[in-house]
Amino acid sequence: MTVILSCGMTVICHAQEKISDLFRVMPDSLLPVLSENNRLDMIDFMASGMKAEVTNRLGGSSEMTLLTDDSLRVKVSDALAVTLLLVTPLDSVESGNNIICCVQTYGTDESMLQSVTSFYTTQWNQMNQIPPLNDEDTKRIYALDVQTILNWEREILKKD
């Protein structure tokens with residue numbers, strides 16, 4: 001009976017996983033400009049309906065601009081935005097784990113943005129190989145890259 005309850009609780013815990021909980025425990029080494037208190041304040045401000053802006057470790061301003069159960073976006077500085085997505089690998093039925101997709105977008109000129117995508121386990125261990133993702137999650141990640149490309153094309157094609 002105990003084994004059955006333990007297995008059931010594990011499935012429930014994974015189903016209720018939220019990106020905000022993972023952002024709370026994100027190692028400082030992955031986003032050193034934001035302290036743990038900065039991250040906690042941003043989450044609390046968003047939950048309260050307030051502007052989620054904090055003074056980061058470099059004395060500048062960082063702002064969380066999006067927070068849902070499975071995604072968040074932080075404008076770390078004028079030159080860096082970080083988007084975290086909680087995605088489900090196709091083999092999640094067997095493994096029971098979601099993974100974190102981290103898209104870091106660098107640049108101040110929208111026509112020259114560069115994105116770097118990395119994947120982590122929910123324990124914040126970087127993944128060397130990315131498991132296949134379902135179509136919905138693949139489209140969400142692709143949309144972030146397409147947005148960067150569209151910004152570039154819009155600037156390049158702008159006629160003065």
Side-chain angles (χ1 to χ4, degrees), residues 9-89 92 96-127 130-131 133-155 158:
M9 290 303 290
T10 300
V11 171
I12 289 170
C13 288
H14 285 296
Q16 295 176 350
E17 210 163 34
K18 292 183 180 181
I19 199 71
S20 59
D21 297 329
L22 299 168
F23 186 61
R24 281 180 217 275
V25 297
M26 178 186 214
D28 287 348
S29 61
L30 295 179
L31 197 55
V33 73
L34 294 177
S35 68
E36 180 180 3
N37 285 337
N38 288 151
R39 295 191 308 271
L40 294 173
D41 285 345
M42 287 176 160
I43 293 167
D44 290 343
F45 293 156
M46 288 294 280
S48 300
M50 299 168 54
K51 185 174 183 175
E53 189 171 12
V54 298
T55 301
N56 61 42
R57 286 182 169 156
L58 298 176
S61 218
S62 297
E63 180 182 4
M64 182 179 287
T65 58
L66 170 73
L67 179 61
T68 67
D69 287 346
D70 65 353
S71 61
L72 67 79
R73 182 170 176 82
V74 175
K75 182 181 175 195
V76 179
S77 69
D78 288 338
L80 173 62
V82 175
T83 304
L84 299 180
L85 303 172
L86 192 58
V87 297
T88 306
S92 68
N97 288 325
N98 289 319
I99 58 175
I100 302 163
C101 173
C102 177
V103 180
Q104 297 176 320
T105 305
Y106 298 91
T108 56
D109 180 352
E110 284 196 11
S111 67
M112 302 299 250
L113 297 177
Q114 176 68 42
S115 292
V116 176
T117 303
S118 34
F119 292 86
Y120 298 88
T121 66
T122 54
Q123 291 76 39
W124 289 105
N125 297 314
Q126 188 162 12
M127 300 177 72
I130 311 320
L133 301 173
N134 65 45
D135 288 342
E136 181 181 330
D137 287 334
T138 301
K139 287 177 186 175
R140 290 171 64 205
I141 295 166
Y142 179 72
L144 292 171
D145 289 335
V146 168
Q147 182 180 10
T148 300
I149 292 167
L150 291 175
N151 286 339
W152 177 80
E153 287 177 348
R154 185 176 61 231
E155 269 311 298
K158 188 188 301 181

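Residues: numbered from 1 along the sequence shown.
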Which residue pairs pass the salt bridge (charged side-chain N to carboxylate O under 4.0 Å, His left out) test with at least one member in residues 36-48, sequence neighbours excluded?
Asp28-Arg39
Between Lys18 and Asp21, does any side-chain N to carboxylate O distance fall below 4.0 Å?
no
Look at atom CG of Asp78 and say whether more than 12 heavy atoms of other residues, nucleotides or ligands are closer to it than 6.0 Å.
no
Grab the two heavy atoms, one from Gln104 and one from Leu30, that are nearest each other, plus how far apart they are.
NE2-O, 4.1 Å
Compare every heavy atom of Asn56 with every heavy atom of Val76, then report the nearest pair and how far apart it is.
O-ND2, 3.5 Å
Do you know which two heavy atoms are closest between Leu22 and Thr122, and how far apart they sit?
CD2-O, 3.5 Å
Under the criterion side-chain contact (heavy atoms from CB on, under 4.5 Å), which of Thr68, Leu72, Asp70, Asn98 is the partner of Ile19?
Leu72
From the options Leu86, Leu133, Leu85, select the one residue that forms a side-chain contact (heavy atoms from CB on, under 4.5 Å) with Ile99.
Leu133
Ser35 and Asn37: side-chain donor and acceptor closer than 3.5 Å?
no
Could you tell me if the side chain of Cys101 sits less than 4.5 Å from the side chain of Thr117, heavy atoms only?
yes
Quick one: does Val82's side chain get under 4.5 Å of Arg73's, heavy atoms only?
no
So, for Gly107 and Leu113, which heavy atoms are closest and what is the spacing to 0.1 Å?
O-CD2, 3.6 Å
Judged by atom type as modelled, is there a donor-acceptor pair below 3.5 Å linking the side chain of Ser48 to the main-chain atoms of Met50?
no
Distance col, row Ser71:OG vs Leu84:CG, nearest 0.5 angstrom, shows 9.0 Å
Compare every heavy atom of Thr65 with every heavy atom of Met46, then report the nearest pair and how far apart it is.
CE-C, 4.1 Å
Taking side chain as C-beta onward, heavy atoms only, is Tyr120 less than 4.5 Å from Met26?
no
CD-CD1 distance between Gln126 and Ile100, expressed to the nearest 0.5 angstrom
11.5 Å
Looking only at heavy atoms, the pair that brings Pro32 and Arg57 closest together is O-NH1, 2.9 Å
If I take atom CE from residue Met42 and atom CZ from residue Phe23, how far apart are they, to the nearest 0.5 angstrom?
6.0 Å
Would you give the length of the straight line joining atom OG of Ser62 to atom NZ of Lys75, rounded to the nearest 0.5 angstrom?
9.5 Å
Side-chain touch Cys102/Phe119, heavy atoms, less than 4.5 angstrom:
no
Test item: Thr55 side-chain N/O and Gly59 main-chain N/O as donor-acceptor pair under 3.5 Å
no
Quick one: CG on Leu66 to OG1 on Thr83, what's the gap to the nearest 0.5 Å?
8.0 Å
For residues Gln123 and Val25, determine if any side-chain heavy atom of one lies less than 4.5 Å from a side-chain heavy atom of the other.
no
Validation row: Thr105, Gln114 side chains within 4.5 angstrom (heavy atoms)
no
